[in-house]
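All heavy atoms count here, side chains included; hydrogens, waters and symmetry mates do not.
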Amino acid sequence: MIALVAQVTPLTNALPPDIATEIGLYIFILGGFLGYHLITRVPPLLHTPLMSATNAIAAISLVGSLVVAGRDYGTFQYGWICTLLGCIAVTCSTTNAVGGFLITDRMLGMFKTSGEQKGETKNKGHWFLLLGAIVIAGVVAFIIWWKEEHGGRGLGSETLKYSYIVSAVMFILGLKGLSSPKRARRGMQLAACGMLLAVLGTLFDEQIVNYRWILLGFIAGSVVGGGMGLRIPMTAVPQRTALSHSLGALAACLVGIAEFILFQDINRVKLTALDFEVVVGALTFTGSLIAAAKLQELLPGRPITYKGQNFFSIVTLGVVAAIGIFLVATQTQNPLFYLMVGLAFLFGLMLVIPIGAADMPTVIALLNSYGGLADASMGFVLMNKIQIITGSLDGTSGFLLALLMCRAMNRSAMNVLFGAFGQVASEDEAARAAAEKGTVRSITAEEVSTLFETARSVIIVPGYGMAVAQAQHAVAELANILKERKVDVKYAIHPVAGRMPGHMNVLLAEANVPYDQLHEMEEINPSFSEADIVLVVGANDVTNPAARNNKSSPLYGMPILEVDRAKSIIVLKRSMRPGFAGVDNELYYNEKCMMLFGDAKVSITKLITEMKALI
């Protein structure tokens, strides 16, 4: 399949538009099937790096942005607007690419087995980054010199053609590497080289004659993206990913607007792709910003609902679709286009605001898919096959992860988008509900340390509360103390624990927990009945027995970690307030369950102090 895509890519440039579009559709479909086979082989352990990696690869929108920013518009009245939009798009795409590949490399570098951690050597990655930046600057300078001397003839067209073929293969092999933690980092480095090759090859494009705005976008995007990729903590990966979705989508939208302003060689097929590109790009941009704001707690995590929200959302989407159909039918440069773009931005806000924090893992995956579709549409507009391939891969990845998240929550995609799931009760309401259900037993850190003295088997269940408290290092230290006392320690990971697929795996890897100690839900559930103690650190809905026992519960049917089968259960929690789903946890009233109230990091630190005092 790789060979087939590689063979047809250079041929389409010389074909009539209709035939080129048809072949582009074949490439898109084949890329989707290939993406399905690649993504389904990625273990849940690596779902967070997978989303970050596909998001970085989706920055292939950079190649289209380069053409728009560097094109000579001659005496065209609004050429400066197209150049400005192209420069902003280059900045957004560069930020996405640099930041995405850097943080993905950081994450994958943390995943080690117990044996690999013992032979760990000092990381010299920053020196390689500096050397790589110098080499890239030299290559870009050579390309500019070559274009000045030779006018883009000869080597330029050949470089452009074959760089895209090799880049596509490198992207595919890079994603294939994510099927194993041992090969994942090398695979992503290969994909990053593929991105670099595609960008450098695009600089030879004969349409690019002005490099001033391109260099400005490169520098600004590299500074912002490099800062994000190297400095953002692992606890903030979900919101960084959502922000990256917004930047990639905005780049696709801006390139589409620039192409509409230029309105050159526009036929109905190209105009259909252009409309789809700007609409999906616009709604993904604003939707991703809202998701990032909810994750960063700049907006309330609960669903923000209002009367008639679904009606207004459907009407807005209907108007957008009607304008798009009208534009394609009339094939004119109508000002209604800009109304369509504005309504698409508005629809993105309306789509995500009513969705609660409980559904953020699914929402982020869906937005990832939308961003891939926007990139693929840009590929059809510019007849750029590398963008069609990568857009198809990114769209497939996001869609499959969203389906996996829905299945893990026993929810449909429609329910996630329009169900306003997760209305959280207030503290007073939660206290009243708790009083009606029975007694909750609390425990102190000193008493917990005494219980651990007699335990031989402990399972730790991390959740979003661990991420909020940044307690992963304290959890790892506690586990090491228990192991020194010959206690069997395991970690139980639920697919939707936290706010991003696989986020708990990344946080524990950051704390130097070997990935061979992290167990998926299906694997660990039979072990709970044999565990002396289960320590639940900030996980709520994913441990609620109501999902298994109570048919009236909104959680009913959702696969959970069966911690209630353990001999003793200790829950670390700030208060009795329900989790993201807004449902009171029946586990807390179990006679085997004891609550250690307070900040997870502070509580575990006290527990470690008490355990050391008992030695």
Side-chain angles (χ1 to χ4, degrees), residues 12 16-25 28 61 64-65 67-69 71 73 76-86 88-89 92 207 246 248-287 311-351 367 369-385 387-388 391-392 395:
T12 54
D18 290 344
I19 298 177
T21 301
E22 181 180 352
I23 293 178
L25 286 172
F28 179 80
S61 56
S65 305
V67 174
V68 174
R71 186 187 284 152
Y73 294 97
F76 179 54
Q77 182 181 2
Y78 301 108
W80 67 273
I81 298 179
C82 296
T83 301
L84 178 61
L85 293 176
I88 298 173
C92 292
Q207 297 182 74
S246 71
L250 179 62
C253 182
L254 294 179
V255 168
I257 293 173
E259 289 297 305
F260 185 81
I261 293 173
L262 186 62
F263 213 76
Q264 186 176 10
D265 299 326
I266 294 286
N267 54 40
R268 284 190 172 88
V269 174
K270 186 174 180 179
L271 191 54
T272 301
L274 192 150
D275 287 348
F276 189 82
E277 173 191 353
V278 296
V279 168
V280 175
L283 70 88
T284 304
F285 170 67
T286 50
F311 172 77
F312 286 116
S313 296
I314 292 172
V315 169
T316 303
L317 183 60
V319 173
V320 169
I323 295 175
I325 293 171
F326 172 77
L327 292 172
V328 172
T330 58
Q331 204 173 337
T332 57
Q333 199 174 18
N334 196 299
L336 284 173
F337 173 84
Y338 304 104
L339 174 61
M340 179 184 72
V341 175
L343 288 175
F345 280 121
L346 176 62
F347 181 73
L349 296 174
M350 298 167 69
L351 184 66
L367 292 171
S369 179
Y370 295 164
L373 293 176
D375 281 334
S377 300
M378 189 200 299
F380 282 102
V381 171
L382 301 177
M383 281 298 128
N384 189 312
K385 303 306 175 291
Q387 289 187 263
I388 296 175
S392 180

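- Residues Ser369 and Gly395 share a closest heavy-atom pair of OG-O, 3.0 Å.
- Pairs engaging residues 314-330 under the side-chain hydrogen bond (donor to acceptor under 3.5 Å, both in side chains) rule: Thr330-Thr332 [sequence neighbours left out].
- By the 4.5 Å heavy-atom criterion applied to side chains, Val67 and Leu382 are not counted as neighbours.
- Going from atom CG of Leu274 over to atom CD1 of Ile257 covers 9.0 Å, rounded to the nearest 0.5 Å.
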Under the criterion side chain to side chain contact (heavy atoms under 4.5 Å, CB included), I'd like the reasoning laid out for Cys82 against Tyr73: C-alpha separation, chi angles, the key distance, then a yes or no.
CA-CA 8 Å; Cys82 296; Tyr73 294 97; 3.4 Å; yes

Yes or no on side chain to side chain contact (heavy atoms under 4.5 Å, CB included) for Phe380 and Val269, after CA distance, side-chain angles and deciding distance?
CA-CA 9 Å; Phe380 282 102; Val269 174; over 6 Å; no

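- The heavy-atom pair separating Leu349 from Thr286 by the smallest distance is N-OG1, 3.6 Å.
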Under the criterion side chain to side chain contact (heavy atoms under 4.5 Å, CB included), I'd like the reasoning laid out for Val341 against Val279: C-alpha separation, chi angles, the key distance, then a yes or no.
CA-CA 6 Å; Val341 175; Val279 168; over 6 Å; no

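- The side-chain heavy atoms of Leu317 and Phe312, taken from C-beta on, include no pair separated by under 4.5 Å.
- Side chain of Ser392 to main chain of Ile388: no donor-acceptor pair is present (N/O by atom type, distance under 3.5 Å, no hydrogens or angles).
- Rounding to the nearest 0.5 Å gives a distance of 13.0 Å between CE of Met378 and CZ of Phe276.
- A side-chain hydrogen bond (donor to acceptor under 3.5 Å, both in side chains) check over residues 252-264, counting only residues at least two apart or in different chains, returns the pairs Arg71-Glu259.
- For Tyr78, the OH atom sits in a loose shell: 12 or fewer heavy atoms of surrounding residues, nucleotides or ligands are nearer than 6.0 Å.
- Two residues are said to be in side-chain contact when any heavy atoms from C-beta on lie closer than 4.5 Å; Phe337 and Ile323 fail this criterion.
- Contact between Val381 and Glu277 at its shortest, heavy atoms only, is CG2-OE1, 3.3 Å.
- Across every non-hydrogen atom of Asn267 and Gln331, the tightest pair is CA-NE2, 3.4 Å.
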Intermediate values then yes/no, side chain to side chain contact (heavy atoms under 4.5 Å, CB included), Leu343 and Met340
CA-CA 5 Å; Leu343 288 175; Met340 179 184 72; 5.9 Å; no

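- Between Ile261 and Phe76, the closest heavy-atom pair is O-CZ, 3.4 Å.
- The SG atom of Cys92 sits 6.5 Å away from the CG atom of Leu254 when rounded to the nearest 0.5 Å.
- Of all the heavy atoms in Ala282 and Phe345, the pair that sits closest is O-CD2, 3.4 Å.
- Using cut-offs of 30° and 60° on the angle between ring planes, the pair Tyr338 and Phe260 is perpendicular.
- Counting only heavy atoms from C-beta outward, the side chains of Phe285 and Cys253 never approach each other to under 4.5 Å.
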